[in-house]
Amino acid sequence: MESNGEHGEEWSPSVATRRSPVYHPGFDDHGRPRVNLDDLTPSQRQAVQHVDGPLLVLAGPGSGKTRVVTRRIAHLVEQGVHPGEILAITFTNKAAREMQERVDALLPGTRVFISTFHRFCARLLRRHADHVGLHPNYTIADTTDQRALLRVVLDELDVDGVHFPAAKLNAAISKAKNDLLRPDDYTARFAESIGNHEQAVVARVYPAYQKRLLEANSVDFDDLLLHVHEMLRDSPELRRDLDERFRYVLVDEYQDTNAAQYEIVRALSIDKPNLCVTGDPDQSIYGWRGAKIENILRFERDYPGATVVRLQENFRSTKAVLRAADALIVHNKKRKAKSLVTDNDEGPAVELRVFRDARHEAESIAADVRRAVESGERTYSDFAVCYRVNSLSREIEVAFRRDGVPSQVAAGVSFFERVEVKDVLAYLKLALNPADRVAFRRIVNKPVRGIGKKSVSTLLAHADAKGLTPLEAASKATAVPGLTKRGANALARFAEWYDSFDLANAGSVAGLLRTIVDRTGYTAAWKSSSSEDDLQRLANVEEMLAVAARYDAEHPDDPSLEAFLESVSLASEVDSLDPDAGEVTLMTLHAAKGLEFPVVYLVGVEHNLLPHERSLNSPDGSGLEEERRLLFVGMTRAREQLVLTRTERRDVRGRSLHSIPSDFLREMQSELLVRDLARDEFDVSQEAEPTPARRHTARTRPEGQPLLTTGAALLDGGRRDAVPLPVGFALGMQVRHPRYGRGTIVDLGGYSKHRTVTVEFETDARRETFVAAKSPLQPIGVG
DNA sequence: CAGGCCGTGCTTTTT
DNA sequence: GCACGGCCTG
């Protein structure tokens with residue numbers, strides 16, 4: 001309790017400050033307890049009412065886990081536990097936000113510290129950076145930065161970057177870090193390994209890479225955990241303080257914790273072992289990034305006297321869905337036996353539909369969805385389409401767009417990873433952390449200033465030797481040996497120009513960003529360009545400014561650059577999914593965890609895809625079991641209807657290959673209703689043909705009609721290769737809206753994602769403005 | 001030093 | 001099939 005006052009500040013604004021003792025948040029104004037227990041099952045209630053000591057909640061899919069966790073938090077507060085003593089850790093920002101909202105709904109104004117592992121560690125590291133040789137203004141290197149840095153290291157160590165690509169080495173280093181293997185440990189273990197070239201190379205590269213990161217006052221994703229683990233391990237006082245400070249710790253999705261996360265949680269639960277973990281071994285799908293399913297399996301041994309609560313009743317899915325999911329998962333050997341039971345209806349049978357190829361598969365689903373929505377039976381947001389690999393989304397996106405089915409994609413490449421966004425962010429990073437060599441390299445010649453790679457390397461070598469920041473070295477570039485006169489002058493000019501920015505006084509984050517964009521003239525060339533790509537880039541930078549402005553507005557009390565960059569670095573694409581967007585959601589099976597939809601299509605249930613070929617050669621079959629769990633997770637997202645699909649041919653990297661049905665299908669065949677649509681007389685696409693909107697889209701864009709807006713495909717798809725929306729909106733164009741009927745476009749505004757279209761409709765001269773990318777508007781030719 | 005072309009290798013999943 | 005990095009040329 002004592003520690004709250006002192007540390008409380010640190011965690012604001014996420015943690016409420018101490019309340020007046022008179023107010024008791026566990027009760028409403030009439031003295032009734034807020035935490036309702038009546039609508040809980042006995043085991044749910046047991047978990048909610050558990051206060052002290054370790055607690056393991058084994059929660060099957062759809063068993064009301066979030067409800068239990070949030071109620072339990074509320075119950076703890078009701079029991080007099082101060083909200084500031086509770087720490088809840090999730091894996092995704094989305095889960096954290098949701099939990100925050102639900103706790104807030106139960107006990108308005110109560111702000112518990114709810115955070116993802118990485119964010120929690122980032123904060124902690126900010127506060128105690130000196131423990132691990134960092135400064136509080138450290139920056140976070142994302143995957144692109146990591147690879148860029150690795151390439152520099154490879155260059156220096158004269159490692160052949162062709163046989164040992166940065167991405168691969170990065171994965172190896174990441175894996176080592178996840179297993180708590182630090183450079184020295186790794187080198188000690190693998191330096192001698194003759195049999196494995198890659199390990200020998202990593203043993204050389206890893207220490208150099210880590211040194212460079214530290215030099216740049218930077219950390220990668222894994223370091224966030226690793227550094228915190230180190231400080232907790234090496235500073236008993238700090239560990240004890242935090243253990244005391246967070247008397248009640250909750251960890252969600254515990255089956256997905258890796259070695260570092262496990263140790264961190266452990267360290268916070270020694271003196272006050274009020275640790276509650278929730279999870280489901282059957283939903284462990286992150287083994288490939290170091291998650292240890294054993295962590296949850298051995299919880300009772302790790303925390304003696306632990307209470308174990310099993311939530312087996314499923315409130316989400318139909319009996320048919322659960323039987324199929326169960327038929328599949330029982331084939332896993334390494335597993336705690338658990339059955340899925342529900343009082344829900346039987347529901348329609350789980351179907352397996354077989355198609356000729358991916359195009360038929362996609363078009364059939366699109367037609368299906370349209371039919372259900374047009375008949376009023378469903379809305380678009382009732383549907384999800386899940387797949388094993390991101391590349392499968394493409395065919396679906398295309399078919400949906402062709403058919404006028406609105407969709408949103410949780411894609412692998414995020415907005416924040418686009419080059420132009422990264423460039424602008426690198427300026428911000430350098431402003432925060434002048435030591436950041438990765439950021440410096442990125443922006444020193446952007447826009448082009450005549451500073452080449454050679455000059456930069458020479459300069460940075462000098463800076464390293466003299467202990468200067470890159471900018472300090474650049475300002476005295478003429479005195480740096482080895483630089484050409486031209487290079488030195490350009491560098492000195494750059495440094496002088498940069499210093500004249502007065503970044504410190506730019507005020508808000510948005511102000512700072514605006515200053516940077518204006519002063520660099522970064523976007524200038526694009527403004528006059530007519531190329532679609534350039535306009536897109538411009539729009540992305542504008543969007544970045546909007547993101548910053550939004551951040552400023554949401555954090556008037558904390559306009560700090562580090563907090564902004566942190567939130568940007570730790571944002572993920574799944575976080576941007578909007579369940580109420582009125583769109584079909586397309587995502588990978590991994591991204592689907594924790595979500596639910598009335599109707600789920602699970603495409604590409606084929607051998608080498610699901611299970612993925614890369615999982616097949618794991619020696620103990622653990623890879624295969626994880627694939628099975630992945631399918632299990634996907635299936636159990638469905639509330640009412642589940643459709644699995646496979647095709648007979650599929651394009652893999654350009655080649656069309658014959659596909660083999662997944663073994664998983666055989667394992668649950670008794671629960672599947674098989675419909676072979678591959679040998680039908682009629683083309684699926686023809687069957688679905690005669691709908692009005694479809695005919696309209698077929699002649700959507702008359703010859704010569706300029707593509708005036710960019711669509712959801714370019715932005716939401718997040719990929720450069722996304723097919724541009726075949727639909728351009730232009731002034732005067734005739735469009736149709738499903739509710740308002742025919743109309744004419746009378747105004748256009750904004751760019752890309754925020755492109756707006758104002759339409760005057762024929763009925764009652766109604767005027768409406770839509771966000772182009774999200775609107776159901778269908779062009780019907782030019783008026 | 002910059003821009004363009006060519007070849008490789010990629011794709012499993014992500015904080 | 002594509003995107004990226006590396007290489008070569010101007």
Whole-Å distance separating the CG atom of Asp222(A) from the C1' atom of dT14(B):
11 Å
Ignoring hydrogens and angles, tell me if any N or O in the side chain of Asn170(A) forms a donor-acceptor pair with the backbone of Ala167(A) under 3.5 Å.
no
Which whole-number value in Å describes the distance from His612(A) NE2 to dC10(B) P?
12 Å
Lys65(A)/Glu253(A) salt bridge by N-O under 4.0 Å criterion
yes
Measure the acute angle between the ring planes of Tyr254(A) and Tyr262(A), then classify it against the limits of 30° and 60° as parallel, tilted or perpendicular.
tilted
Starting at the 5' end of DNA chain B, which residue's closest nucleotide do you reach first, Phe91(A) or Ser615(A)?
Ser615(A)
Separation of Glu606(A) atom CD from dT11(B) atom P, in whole Å?
20 Å
Identify which nucleotide among dT13(B), dG5(C), dT15(B) has an atom closest to any side-chain atom of Arg151(A), counting heavy atoms from C-beta outward.
dG5(C)
Nucleotide of dT13(B), dT11(B), dC2(C) approaching His590(A) most closely (side-chain heavy atoms)
dT13(B)
d(NZ, Lys177(A); P, dT15(B)) in whole Å
18 Å
Considering only dC2(C), dT13(B), dT15(B), which nucleotide approaches the side chain of Thr588(A) most closely?
dT13(B)
So is the aromatic ring of Phe117(A) stacked onto the base of dT15(B), judging by whether the centres are under 5.5 Å apart and the planes are under 30° apart?
no
Heavy atoms from C-beta onward define the side chain here; which of dT14(B), dT11(B), dT13(B) lies closest to that of Val389(A)?
dT13(B)
Both Leu225(A) and Ala167(A) contact DNA chain B. Which one's nearest nucleotide lies toward the 5' end?
Ala167(A)
Just how far, in rounded Å, is P of dT15(B) from NE2 of His227(A)?
20 Å
How many whole angstroms separate atom CG of Leu226(A) from atom P of dT15(B)?
19 Å
Check this one for me: any side-chain N or O of Asn390(A) less than 4.0 Å away from OP1 or OP2 of dT14(B)?
yes
Rounded distance in Å - CD (Gln261(A)) to C1' (dT15(B))
8 Å
Any side-chain N or O of Asn445(A) below 4.0 angstrom from OP1/OP2 of dA2(B)?
yes
Fit a plane to each ring of Trp288(A) and His590(A), take the angle between them on a 0 to 90° scale, and name the class: parallel (under 30°), tilted (30 to 60°) or perpendicular (over 60°).
perpendicular
Give the nucleotide from the list dT15(B), dT13(B), dT11(B) with an atom nearest to the side chain of His118(A).
dT15(B)
With the side chain defined as heavy atoms from C-beta on, Thr116(A) is closest, among dT11(B), dT14(B), dT15(B), to dT15(B)
Centres of the His331(A) and Phe664(A) rings: under 6.0 Å?
no
To the nearest angstrom, the CG-C1' distance between Asn608(A) and dT11(B) comes to 13 Å
